[in-house]
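Below is one structure, written out as structure tokens; comments come after it.
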Amino acid sequence: MVGSFERVFPPPIEARASVPEFPMPELKAWPLPPFLVRSIDPNLQEDYFDDLQTTEVGALVWSTFPVRVYLEPPDSNRRSQVWVREASKAVQDWATHFPLTIVSQPEQAEITIWRSPLPLRVSNRQTGRVRSAETRYELYTTQDASTGRKTLQHRMFVRVRPDQADSYIRSAVRHELGHALGIWGHSPQESDIMYFAQVRNPPPISRRDLNTLKRVYEQPTRLGGFLP
């Protein structure tokens, strides 16, 4: 069961999700993580939560921290080394606000980030613009060995084209990580990292981005719940 977001030049960007293939847990709201409470400016509560899309499992939120991230390692190509350097910066940008840790093996990670010359599928026939990045989620179940109870989980797969300017790679990974952390949608303002298209001077993670993420983590989800 998967859903995906595509980063394009310019929008629209659409989420796609398949029909659930197994009984789903009930919706449940997890306690708001303390780090999100601390990151919010009480004097600035503006967000773009109403622009986000819903999924079949509710909010795409994590309930255990830190969230583990895997970055595809470089090969002998210099461009791949630049990609890893800029992608690592993007992870650190988010780690300032959200507990993340980089792991060395993809099977250890909840979020994996890959270099990928995405298929040149035109996203806008009039402009001929194509994809630059993509985030996809997959649902799966885990089973407790002692009780036999199954829990619904998710993992995120991010792909980012390496043939972009250095700052755009960092911006694209930062944007896709926003999706992977739970912001399943886009901002209408260029000053937010989750703006729906790449901009000439990519902004840092904004207060609106963080306020929106906080709103997401206040929503109910089926993730982490027991299957009936």
Side-chain angles (χ1 to χ4, degrees), residues 1-7 12-40 47-70 91 94-95 97-103 105-114 133-159 175-186 194 209-228:
M1 186 185 314
V2 298
S4 66
F5 252 122
E6 300 164 3
R7 189 84 186 279
I13 301 176
E14 298 178 351
R16 298 185 303 276
S18 60
V19 177
E21 299 173 353
F22 43 76
M24 300 293 261
E26 294 183 359
L27 286 167
K28 170 185 177 180
W30 293 94
L32 185 65
F35 57 83
L36 282 178
V37 177
R38 292 194 300 267
S39 69
I40 302 305
D47 60 57
Y48 47 89
F49 177 79
D50 291 341
D51 291 288
L52 304 188
Q53 299 187 23
T54 59
T55 76
E56 73 270 40
V57 295
L60 293 172
V61 298
W62 304 99
S63 56
T64 58
F65 307 98
V67 175
R68 295 168 294 182
V69 179
Y70 169 81
V91 174
W94 270 112
H97 309 284
F98 195 105
L100 302 174
T101 185
I102 294 179
V103 295
Q105 299 297 324
E107 59 269 18
Q108 299 171 334
E110 285 90 24
I111 301 172
T112 57
I113 306 175
W114 307 89
E134 177 183 70
T135 296
R136 179 172 61 89
Y137 69 84
E138 178 180 78
L139 304 179
Y140 67 100
T141 62
T142 57
Q143 187 169 16
D144 185 277
S146 58
T147 66
R149 300 198 71 177
K150 292 183 177 180
T151 305
L152 183 65
Q153 307 285 354
H154 74 310
R155 51 188 160 227
M156 291 282 187
F157 304 91
V158 174
R159 296 194 300 164
H175 176 103
E176 299 306 319
L177 268 175
H179 288 318
L181 296 181
I183 304 177
W184 204 244
H186 292 117
M194 298 309 293
D209 292 319
L210 295 175
N211 288 343
T212 301
L213 190 63
K214 174 179 177 287
R215 291 281 305 277
V216 169
Y217 275 74
E218 292 173 335
Q219 307 308 308
T221 183
R222 302 183 194 279
L223 296 171
F226 293 120
L227 272 66

Exercise for review: Measure the spacing between CG of Leu181 and CG of Leu60 and express it to the nearest 0.5 Å.
Suggested key: 11.0 Å
Point to revise | Closest contact, heavy atoms only, Glu218 versus Ala29 | key: O-CB, 4.3 Å
Review point. Are Trp94 and Val67 close enough, and set up right, to give a side-chain contact (heavy atoms from CB on, under 4.5 Å), and what steps lead you there?
Key: CA-CA 11 Å; Trp94 270 112; Val67 175; over 6 Å; no
**Study point:** Distance (rounded to the nearest 0.5 Å) between Arg149 CZ and Asp144 CG
**Key:** 9.5 Å
Review point. Does a side-chain heavy-atom distance below 4.5 Å link Pro25 with Leu227?
Key: yes
Practice item. Apply ring-ring contact (aromatic ring centres under 6.0 Å, His included) to the pair Trp114 and Tyr70, showing each step before the final yes or no. Key: CA-CA 9 Å; Trp114 307 89; Tyr70 169 81; 5.4 Å; yes
Check your understanding: Are Met156 and Arg136 close enough, and set up right, to give a side-chain contact (heavy atoms from CB on, under 4.5 Å), and what steps lead you there?
Key -> CA-CA 6 Å; Met156 291 282 187; Arg136 179 172 61 89; over 6 Å; no
Review point. Does Trp30 use its side chain to pair, donor to acceptor, with the backbone of Leu223 at less than 3.5 Å?
Key: yes
Check your understanding: Do Asp47 and Lys214 come close enough that some side-chain heavy atom pair is under 4.5 Å?
Key -> no
Check your understanding: What distance separates Leu36 CG from Phe98 CZ, expressed to the nearest 0.5 Å?
Key -> 6.5 Å
Exercise for review: Please indicate whether Glu26 has more than 12 foreign heavy atoms, meaning atoms of other residues, nucleotides or ligands, lying under 6.0 Å from its CD.
Suggested key: no
Check your understanding: Counting distance only, does the side-chain N/O of Trp62 pair as donor-acceptor with the main-chain N or O of Ala180 below 3.5 Å?
Key -> yes
Revision key, fill the gap. So CD1 of Ile113 and CD of Glu176: to nearest 0.5 Å the spacing works out to 9.5 Å
Point to revise | Shortest non-hydrogen contact from Pro106 toward Thr112 | key: O-CG2, 3.8 Å
**Study point:** Minimum-distance pair of heavy atoms, taken over all atoms of Val57 and Leu27
**Key:** O-CD2, 4.1 Å
Check your understanding: Can you tell if the side chain of Leu139 reaches within under 4.5 Å of the side chain of Glu56, non-hydrogen atoms only?
Key -> yes
Review point. At what distance, to the nearest 0.5 angstrom, does OG1 of Thr151 lie from CZ of Arg222?
Key: 15.0 Å
**Study point:** side-chain contact (heavy atoms from CB on, under 4.5 Å) between Thr135 and Ile111, worked out
**Key:** CA-CA 10 Å; Thr135 296; Ile111 301 172; over 6 Å; no
Practice item. Say whether, by atom type as modelled, one donor and one acceptor occur between the side chain of Gln153 and the main chain of Tyr140 under 3.5 angstrom. Key: no
Check your understanding: Parallel, tilted or perpendicular: which describes the rings of His179 and His186, with under 30° parallel and over 60° perpendicular?
Key -> perpendicular
Exercise for review: Return yes if some donor-acceptor pair links the side-chain N/O of Glu110 with the main-chain N/O of Arg68 below 3.5 Å, else return no.
Suggested key: yes
Check your understanding: What distance do Trp184 atom CH2 and Leu52 atom CG have between them, rounded to the nearest 0.5 Å?
Key -> 11.0 Å
Practice item. Ignoring hydrogens and angles, state whether a donor on the side chain of Tyr48 or Asp209 is under 3.5 Å from an acceptor on the partner side chain. Key: yes
**Study point:** Side-chain heavy atoms of Asp51 within contact of Thr212, under 4.5 Å
**Key:** no
Check your understanding: Backbone N or O of Glu138 within a donor-acceptor pair of the Arg155 side chain at under 3.5 Å?
Key -> no
